[in-house]
Each structure stands twice: as structure tokens, then as C-alpha cells.
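These values consider heavy atoms only, across backbone and side chains, with no hydrogens, waters or symmetry-generated copies. When a ligand or atom number is given, it counts from 1 through the structure's own listing order.
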Amino acid sequence: MQIDEEFKLLQKGVSKVVDLCAAPGSWSQYLSRKLRAAESESDVKIVAVDLQAMAPIDGVIQLQGDITKESTATEIVSHFSGDKADIVVCDGAPDVTGLHDMDEYIQAQLVLAALNITTHVLRHGGKFVCFRGKDITLLYSQLKIFFKEVVVSKPRSSRNSSVEAFVVCLEYSPPEGYIPNMSNPLLDHHYDLDFNQLEGVNRVVVPFIACGDLSAYDSDKTYGLQ
Ligand SMILES: C[S@@+](CC[C@H](N)C(=O)[O-])C[C@H]1O[C@@H](n2cnc3c(N)ncnc32)[C@H](O)[C@@H]1O
């Protein structure tokens with residue numbers, strides 16, 4: 001909600017949305033309430049995907065599936081009658097093992113999987129919002145290849161003590177000739193060769209924007225029970 005307030009993601013005309021890694025469903029609930037209040041109900045299509053089953057949410061089509069699978073992308077698009085999504089959001093988090101390096105690597109892989117599936121289902125000009133973990137410099141470079149603008153947002157509802165933040169990517173515009181595919185993990189690069197030799201504007205600095213106004217709930221504060 002706070003990211004939407006800051007970036008006006010669900011503005012007029014947005015009616016097709018994909019919520020990746022959606023269970024138990026709070027993001028889907030917000031999407032459904034906001035979009036069905038603004039657009040004609042028959043135009044609104046919200047597709048939520050998760051490995052786990054979710055309780056039904058009004059106006060949300062739920063798919064139990066894995067976002068690393070191409071079949072999931074095909075199933076999502078089949079619900080948009082040939083169109084693509086205006087926006088994809090992803091709050092994916094793997095089960096943690098406690099081995100931090102490994103957990104961070106798997107988290108990064110999941111974000112990459114989210115980007116990969118997004119390249120299949122998002123329309124040109126569309127938006128992508130995704131949970132980001134640690135050590136994501138490489139990911140920023142990759143996102144910048146596909147979106148005109150990439151910023152990081154830390155909502156007030158996210159604890160300051162947590163590394164949690166979200167990348168907000170605006171205006172999907174893949175490189176000319178790019179053919180989406182899921183079989184090619186984007187992290188499989190030779191980091192030094194592919195990225196450390198970039199110079200000038202190619203080394204992108206991503207702005208970090210806090211959002212949520214002063215009246216918003218602050219996750220580092222204690223509130224009395226009502
Ligand atoms: C933090 S929860 C999402 C919370 C959700 N945004 C909400 O508002 O309720 C992270 C979710 O990522 C899902 N997940 C992890 N790996 C996944 C994958 N490969 N495909 C689909 N969902 C996945 C988990 O099952 C879990 O439900």
C-alpha cells in the first residue's frame with residue numbers, strides 16, 4: 001500500500017495484475033480492493049501464484065504453481081485472453097536454511113526467477129515490484145536492462161532493522177530482439193568479466209527512496225492495544 005501511494009502503481013487504466021509468491025494473500029487483498037473500486041469489475045484480472053494453496057479472495061484467480069516454471073507463465077497469460085499484465089508484483093521468499101550465504105543466494109535466484117517469468121507475462125511499458133534481499137548489485141544491472149527506471153523503496157511498514165526493501169521497476173522495455181526464456185538463469189555470469197569491466201553510465205547507481213507518510217504505521221514503534 002505504501003509503495004503504491006508513493007509510485008501510483010495502480011493508477012487508472014491498470015486492470016491486469018500478477019501477484020507472484022502471493023500466499024497467504026495480503027498483497028492480493030489490497031490489489032483486489034483497490035482495482036475493483038476503480039475499474040469496472042469485468043475488466044479487472046488479478047492472478048495470484050504461490051507454491052502453497054491460498055484461501056479464496058474476492059476477484060483473485062489463484063494458481064498453485066512454481067514461478068521458476070515456464071508452464072506457470074503460460075497459465076498466467078491464459079487468464080488475460082491474449083493480453084499481458086500491466087503490473088507484476090512479487091514478494092517471494094524461500095524457506096530459509098539458516099546458512100546465510102546459501103539463503104541469500106537462493107533469495108537472489110528467486111528474484112531472478114520472478115524477473116524471468118515477468119519477461120513472459122508483462123506488457124511493454126508495464127511495471128514490476130519485487131522483494132529484494134542482500135547483495136543485489138548484479139540484480140540491479142540486470143533489471144536496468146529490462147526497465148527504463150529502477151529504484152529501491154523501503155516502506156515504513158518494513159522494519160528499519162531489516163535488510164528488506166523492494167525494487168520498483170518502471171516502463172518495461174526489453175532489449176530489441178529479446179526472447180523470454182526460463183532455461184537461462186541470469187545469474188550464471190562470469191561476474192568480473194561481464195560486469196566489473198563496465199564503465200561510466202553502465203555502472204548504475206539506483207536511488208533509494210523511503211515511503212509511507214508520517215501518519216503511517218511504523219514497524220519500529222510499539223502501539224497500545226485498542
Ligand atoms: C513472504 S511470503 C508472501 C506474502 C504475501 N505477499 C502476502 O501478502 O501474503 C513468500 C511466499 O513465497 C512463496 N514462494 C517461494 N518460492 C516460490 C516459488 N518458487 N514459486 C511460487 N511461490 C514461491 C512461498 O510459498 C511464500 O508463500
Side-chain angles (χ1 to χ4, degrees), residues 1-7 9-10 17-36 46-79 85 87-100 102-122 127-134 136 139 152-159 161-169 180-188 211-212 216-217 219:
M1 192 171 88
Q2 292 171 3
I3 294 172
D4 178 34
E5 280 164 12
E6 179 69 31
F7 294 94
L9 297 173
L10 304 179
V17 181
V18 179
D19 185 3
L20 298 173
C21 304
S26 65
W27 286 27
S28 284
Q29 274 179 339
Y30 175 72
L31 292 166
S32 171
R33 270 186 218 145
K34 174 106 188 233
L35 291 181
R36 293 190 318 143
I46 301 163
V47 179
V49 184
D50 202 286
L51 288 172
Q52 303 184 55
M54 295 164 66
I57 298 170
D58 278 349
V60 177
I61 299 163
Q62 297 175 354
L63 308 179
Q64 198 170 351
D66 184 344
I67 67 161
T68 64
K69 298 266 162 44
E70 188 161 358
S71 54
T72 308
T74 313
E75 205 178 341
I76 293 171
V77 177
S78 73
H79 289 283
I87 172 163
V88 177
V89 297
C90 177
D91 188 24
D95 291 338
V96 288
T97 63
L99 300 169
H100 298 316
M102 168 113 143
D103 289 338
E104 279 155 24
Y105 179 77
I106 295 172
Q107 173 68 54
Q109 287 294 324
L110 195 59
V111 175
L112 235 27
L115 172 61
N116 254 353
I117 196 167
T118 296
T119 61
H120 287 75
V121 303
L122 188 64
K127 298 164 192 156
F128 174 55
V129 176
C130 189
F131 174 86
R132 66 127 230 220
K134 264 177 103 182
I136 26 53
L139 177 67
V152 183
S153 177
K154 174 87 175 167
R156 237 173 120 79
S157 54
S158 170
R159 280 172 298 142
S161 49
S162 162
V163 69
E164 177 181 72
F166 298 85
V167 276
V168 178
C169 307
N181 82 82
M182 305 285 279
S183 57
N184 211 356
L186 300 174
L187 262 183
D188 273 1
C211 61
Y217 282 115
S219 56

Which atoms from ligand 1 have a heavy atom of [X] less than 4.0 Å away?
X	answer
Gly92	12 (O)
Ala22	5 (C), 7 (C), 9 (O)
Leu51	16 (N), 17 (C), 18 (C), 20 (N), 21 (C), 22 (N), 23 (C)

Answer yes or no for Asp66: is there a heavy-atom contact with ligand 1 below 4.0 Å?
yes
Determine, using heavy atoms of Gly65 and all atoms of ligand 1, whether some pair is separated by less than 4.0 Å.
yes
Among all protein heavy atoms in this structure, tell me which lies nearest to [atom], with the distance rounded to 0.1 Å.
atom	value
atom 8 (O) of ligand 1	Ser26 OG, 2.4 Å
atom 4 (C) of ligand 1	Ala23 O, 3.1 Å
atom 11 (C) of ligand 1	Asp50 OD2, 3.5 Å
atom 20 (N) of ligand 1	Ile67 N, 3.0 Å
atom 15 (C) of ligand 1	Ala93 O, 3.3 Å
atom 12 (O) of ligand 1	Cys21 CB, 3.3 Å
atom 9 (O) of ligand 1	Gly25 N, 2.8 Å

Which residues share a salt bridge (Lys or Arg N to Asp or Glu O under 4.0 Å) with Asp66, sequence neighbours left out:
Lys69
Name of the residue among Val88, Thr119, Val89 meeting side chain to side chain contact (heavy atoms under 4.5 Å, CB included) with Phe128
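Answer to the side chain to side chain contact (heavy atoms under 4.5 Å, CB included) test with Phe128 among Val88, Thr119, Val89: Val88.
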Quickly, which of Val111, Thr118, Leu20 forms a side chain to side chain contact (heavy atoms under 4.5 Å, CB included) with Cys90? Name it, please.
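Going through the options one by one, the only one that passes is Leu20.
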Under 4.0 Å, heavy-atom basis, I'd like to know which part of Leu110 is in contact with ligand 1: side chain, backbone, both or neither.
side chain
Identify the heavy atoms of Leu9 and Lys127 that sit nearest to each other, and give their distance.
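Answer, listing the atom of Leu9 first, then Lys127: O-NZ, 3.5 Å.
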Result block: side-chain N/O donor-acceptor pairs under 3.5 angstrom for residues 162-169, not counting sequence neighbours:
unit_1 : atom_1 : unit_2 : atom_2 : d
Ser162 : OG     : Glu164 : N      : 2.9
Glu164 : OE1    : Ser158 : OG     : 2.7

Using modelled atom types and a 3.5 Å cut-off, is there a donor and acceptor pairing between side-chain atoms of [X] and backbone atoms of [Y]?
X	Y	answer
Ser28	Ala48	no
Gln29	Ile57	no
Gln62	Ala55	yes
Gln107	Gly92	yes

Which of these, Val89, Asp91, Asp95, has its nearest heavy atom closest to atom 10 (C) of ligand 1?
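Residue with the shortest heavy-atom distance to the ligand atom: Asp91.
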